[in-house]
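A quick write-up on the structure given underneath.
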Amino acid sequence: MKKITLYISLMFASSFLGSCDKGFDELNTNKVNPTALNPVYELNNATLRTSFTWQSVIYEAAIVQQIVSPYLGVNAGGNVNQNNTSVTGVNWQRYYREVNKHLVDVIAKTKGDATRSNLYNMARIWKAYTFMILTDSYGDVPYTEAGLGYLQGTMFPKYDAQQAIYTDILKELDEASAALDVNKTKEVSDIIYAGDVTKWKRLGYSLLLRAAMRLTEVDANTAQNYVKKAFAGGVMQSNADNCILRHSAAYTNEIGSQLNGSERANFYLHGAFVNFLKSTNDPRLGIIALKYNTKLQDPSNFTKDPAAQIGIPAGYDQSSIANTPNYPGAIEMYSQVDRTKIGRFDAPCFFVTFGQTQLLLSEAAQRGWISGSTADYYKAGVKGHIQQFTEYDANSSVSDANIEAYFTANPFNAAKALEQINTQYWVASFMNNPEAFANFRRSGFPALAANPYPGKEIKGNFINRLSYPVDEISVNKANLDAAVARQGADDLDTKVWWDK
C-alpha cells in the first residue's frame, strides 16, 4: 500500500513540474549524505543479522544430537554424515557476507574518533565474536582483508590461518574490553545493552574467556594467560548480563518463524538429548519439550510432563521411522521444541550467557588457572541456565528449592569434572548451535554415540568442520586453494587448528 501511495504521489507531483519548479534546484541538491548515517545503526544491523539461522538448527544441532528434522529425509539437510552444501554454506553467507561488512565499516568510521571510542570498541568485540563463529565453522577464512571490497577495493581477500585469526581475536577482545570507558559517550541506541558500558565490558571479557578456552588442547599456555586476563577484567556476573537479541512481532526470530511456518517445519528433540535430561530428572525438559498426543497435533491435546517425553531417534525418515522401538504411532507424536515458548515468533536469541561463562570458569578452575571453587562455578552455571528460561516465558521459572533438589540428586563429581562441566555446557548451549558444535569438538563431551545417518561420507563418527560454500570456490578460488593446501582437504573430516 505504501508503494502504491508513493507512486500516486509522485505522478501527482510530476504533473506540476513544468510550471511549479520554484525551489526544485535547491531540493535536488539538499540530498541526504549517506556517509552521515550514524554508525551505531550499522552495528545494530550487524547484531540483528547475527541471529542464528534455522539451517544451523537442522545441521549443527543435529550433529550434537539435540534436534532432528525427520521430514527432511536421511539424504537431505538432516543427514550430518554427508556434505550438504545447501546448509554448510549458510554460516558463511550470514556472518561473512551479511554481518562483517557492516562491522568493518563501523570500525573504519569510528577509529580515531574520541567521541565514539565506545562504539569503536563495541564493534571490535562483536566482530571478534562473529569471526569466532566463522573460523570455528570452517577453519581458515578471510580475516585481515575481509570486508574491504568497498573501503580498499580488495575483491579477492586472502585466507588467514586459524591460529593467526585466534591470535588477533584474543588481542582484540582484550584491548577493546579494557578500552571501554564509562566516562565516554554512551551509545544508547545499541540494541543489546542500550550502550551500558559495564555490560559491554563483561561481554567482552566473557568472550575472551570463551576464545581462550578454545585453545585448551592446542596451546594451553596462551589459553591460561588469556583466561586469567578475562577473569581479572570481570566477566558476566548474573543473567542480567546475558547477551540477548530480543525479538518482537515486527522483527521475528528466524528460527521461530521457520518452526511455526508450517506443520512440516517442526524441530523434534533428539533421543540423546531427551534421555539425558530424563535420566537426571532435569527441570529444563518440562520447559523445552512438548509432546502431542495425536498425529493431528491438536494444540489442546499435548503433554509437558517430562516423564512422557519421547526423543526421536536419528537416522530415519518419515517412512522408515515406523520400524523403531517405542514408536509412538506417528512422527508427530515425538517430543518437539515447544513452539509456544522456545520456538515462538518473538523468542529471544542468546549469544553469550552467564550460565555458559560460569561453566567455562568451572573448567578453568579445575585446570588450576583461576581461583575459586570448581563446584561452585559449576552450580552457578547450571542454575544460571535454568533460570534464564524466564526470558522465554515468565511461567518457565523453576524455584530455588527445585533447583537445589536437582543438585542434591545429581551432585558434582570432581572425578568426572570435565565431563560434567562440558555436558552441562552442551545443555546450556541449546539453541545456540554454533557454540554447541564448537565446544563439543573442543572438549569431546558429551560422550555421544556415533551419528547413525546412512550414506556416510566421513571417516569418523562426527564431522569436524563445515565445507566452504560452492560459490566461494568459483569467486575466490586461488585464495581458497591456498587455504586448503595449508589446512587440509575441504571436506568434513579435516579438523580446524584448535581441535586436537
Side-chain angles (χ1 to χ4, degrees), residues 33-50 53 85 88-113 116-117 119-176 179 207 211 434 465-490 494 496-498:
N33 182 355
T35 62
L37 176 67
N38 189 334
V40 73
Y41 298 132
E42 279 194 273
L43 175 62
N44 286 343
N45 190 27
T47 303
L48 290 170
R49 297 305 294 161
T50 304
T53 67
T85 56
T88 55
V90 170
N91 283 355
W92 189 283
Q93 173 68 31
R94 172 59 56 88
Y95 302 109
Y96 183 74
R97 295 179 183 168
E98 298 177 10
V99 173
N100 278 294
K101 64 181 180 181
H102 296 293
L103 297 173
V104 170
D105 195 48
V106 174
I107 291 169
K109 287 177 179 177
T110 56
K111 186 177 183 180
D113 183 350
R116 308 304 294 272
S117 63
L119 179 58
Y120 169 65
N121 290 299
M122 289 155 57
R124 292 170 75 190
I125 289 171
W126 204 255
K127 180 186 173 188
Y129 170 54
T130 54
F131 263 103
M132 279 182 65
I133 297 176
L134 268 170
T135 189
D136 291 346
S137 298
Y138 301 99
D140 295 4
V141 296
Y143 179 71
T144 54
E145 294 182 356
L148 297 178
Y150 176 76
L151 294 174
Q152 297 183 13
T154 306
M155 308 306 294
F156 306 103
K158 68 176 183 180
Y159 284 58
D160 296 271
Q162 188 180 62
Q163 182 175 2
I165 295 171
Y166 257 93
T167 298
D168 195 66
I169 283 175
L170 291 165
K171 177 191 74 68
E172 285 290 285
L173 289 170
D174 184 20
E175 291 180 358
L207 277 170
R465 61 182 285 275
L466 306 184
S467 59
Y468 294 120
V470 174
D471 52 358
E472 182 69 5
I473 297 173
S474 60
V475 171
N476 196 14
K477 188 175 187 302
N479 287 312
L480 185 147
D481 286 347
V484 170
R486 176 178 59 239
Q487 176 173 261
D490 181 24
T494 295
V496 299
W497 166 73
W498 50 252

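Predicted model, so just to flag it, every value in this text is computed and none were measured.
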Check: Arg94/Asn91 side-chain N/O donor and acceptor closer than 3.5 Å: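 Not at all, the side chains of Arg94 and Asn91 share no donor-acceptor pair under 3.5 Å.
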Looking at every non-hydrogen atom in both residues, tell me the closest pair between [X] and [Y] and how far apart they are.
{"X": "Tyr138", "Y": "Val90", "value": "OH-N, 4.1 Å"}
{"X": "Val106", "Y": "Pro39", "value": "CG2-O, 3.5 Å"}
{"X": "Gly139", "Y": "Ile165", "value": "O-CD1, 4.4 Å"}
{"X": "Pro157", "Y": "Ala146", "value": "CB-N, 4.4 Å"}
{"X": "Pro142", "Y": "Tyr96", "value": "CB-OH, 3.5 Å"}
{"X": "Thr494", "Y": "Ala489", "value": "OG1-O, 2.6 Å"}

Does [X] reach the side chain of [Y], with side-chain heavy atoms less than 4.5 Å apart?
{"X": "Val484", "Y": "Tyr159", "result": "no"}
{"X": "Lys101", "Y": "Glu98", "result": "no"}
{"X": "Trp92", "Y": "Leu466", "result": "no"}
{"X": "Leu43", "Y": "Leu103", "result": "yes"}
{"X": "Ile169", "Y": "Tyr143", "result": "yes"}
{"X": "Arg124", "Y": "Thr110", "result": "no"}

Between [X] and [Y], is there a donor-acceptor pair closer than 3.5 Å when you use the side chain of the first and the backbone of the second?
{"X": "Asp490", "Y": "Ser467", "result": "no"}
{"X": "Gln162", "Y": "Thr135", "result": "yes"}
{"X": "Asn121", "Y": "Ser117", "result": "yes"}

Point-to-point distance, once rounded to the nearest 0.5 Å, from CD of Glu172 to CG of Leu207: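 Answer rounded to 0.5 Å: 12.5 Å.
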Verdict with reasoning, Met132 to Tyr166, per side-chain contact (heavy atoms from CB on, under 4.5 Å): CA-CA 8 Å; Met132 279 182 65; Tyr166 257 93; 3.7 Å; yes
Residue pairs passing the salt bridge (charged side-chain N to carboxylate O under 4.0 Å, His left out) test where at least one lies in residues 126-136, sequence neighbours excluded: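 Applying salt bridge (charged side-chain N to carboxylate O under 4.0 Å, His left out) to every pair that reaches into residues 126-136, excluding sequence neighbours, yields Asp136-Arg214.
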Selection residues 140-153 - residue pairs positive for salt bridge (charged side-chain N to carboxylate O under 4.0 Å, His left out), sequence neighbours left out: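 Counting only pairs at least two positions apart or across chains, the salt bridge (charged side-chain N to carboxylate O under 4.0 Å, His left out) contacts touching residues 140-153 are Asp140-Arg486.
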Crowding at NZ, Lys111 (>12 non-hydrogen neighbours, <6.0 Å):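 No - once you tally the heavy atoms of other residues, nucleotides and ligands closer than 6.0 Å, there are 12 at most.
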Derivation and outcome, side-chain contact (heavy atoms from CB on, under 4.5 Å), residues Arg49 and His102: CA-CA 10 Å; Arg49 297 305 294 161; His102 296 293; 5.7 Å; no
Sole residue of Asn100, Thr47, Thr50 in side-chain hydrogen bond (donor to acceptor under 3.5 Å, both in side chains) with Thr130: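 The residue from Asn100, Thr47, Thr50 that satisfies side-chain hydrogen bond (donor to acceptor under 3.5 Å, both in side chains) with Thr130 turns out to be Asn100.
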Residue list, side chain to side chain contact (heavy atoms under 4.5 Å, CB included) with Asn44, at least two apart or on another chain: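 For Asn44, the residues satisfying side chain to side chain contact (heavy atoms under 4.5 Å, CB included) (neighbours in sequence not counted) are Tyr41, Asp190, Ile191.
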